[in-house]
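So the structure is just underneath, and the comments pick up after that.
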Amino acid sequence: MLETSIHPQDLPLFSDDLDRLEKVLDAVCMDRGISPRSQEGERLGALMIQLYRQGVKEHAKLLALAKAYL
């Protein structure tokens, strides 16, 4: 029997997950005066996805960590 472990980074993100992440990304980008589509905005979005997949799912925590990143 093949044994594999499922890692959080391997799980799909659903539309509710993406909506939550987008709200935080938009808020941080607006606060910092950058576009979510800019290179910096895309890096921030990628970081947020990593945090989310590691279990940081609360809006306030994501927001604080994202703001601290910039």
Side-chain angles (χ1 to χ4, degrees):
M1 175 184 266
L2 179 64
E3 289 187 34
T4 62
S5 58
I6 298 175
H7 301 284
Q9 66 268 20
D10 297 331
L11 296 173
L13 293 175
F14 297 102
S15 61
D16 289 345
D17 301 320
L18 295 173
D19 288 344
R20 183 179 296 173
L21 288 165
E22 184 178 35
K23 286 178 186 176
V24 175
L25 178 64
D26 288 345
V28 174
C29 286
M30 186 167 59
D31 184 57
R32 299 292 195 247
I34 62 171
S35 168
R37 306 280 184 253
S38 68
Q39 220 176 24
E40 194 171 17
E42 288 182 7
R43 277 196 308 269
L44 178 60
L47 171 74
M48 289 174 49
I49 288 171
Q50 287 178 334
L51 290 169
Y52 194 84
R53 286 185 162 161
Q54 291 172 8
V56 181
K57 299 195 184 240
E58 291 180 34
H59 180 86
K61 286 183 181 179
L62 278 170
L63 189 61
L65 289 169
K67 284 183 176 182
Y69 176 72
L70 293 178

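No hydrogens, no waters, no symmetry mates; every other heavy atom, side chains included, goes into these values. In this chain, residues are counted from 1 in sequence order.
In terms of modelled atom types and a separation under 3.5 Å, the side chain of R20 and the main chain of H59 share no donor-acceptor contact.
Nearest heavy atom pair, residue E42 against residue R37, reads OE2-O, 3.4 Å. The two residues P36 and C29 come nearest to each other via the heavy atoms CA-SG, 3.7 Å.
Heavy atoms of other residues, nucleotides or ligands lying less than 6.0 angstrom from NZ of K57 number more than 12.
Going from atom CG of L63 over to atom CG of L25 covers 11.0 Å, rounded to the nearest 0.5 Å. D16 contributes atom CG, which lies 11.0 Å from atom CG of L21 (distance to the nearest 0.5 angstrom).
Here the side chains of R43 and Y69 are in contact, with some heavy-atom distance below 4.5 Å.
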List the steps and the verdict of side-chain contact (heavy atoms from CB on, under 4.5 Å) for R53 and L13.
CA-CA 9 Å; R53 286 185 162 161; L13 293 175; 3.7 Å; yes
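Partner Y52 forms a side-chain contact (heavy atoms from CB on, under 4.5 Å) with one of V24, L18, D17 and no other, that one being D17.
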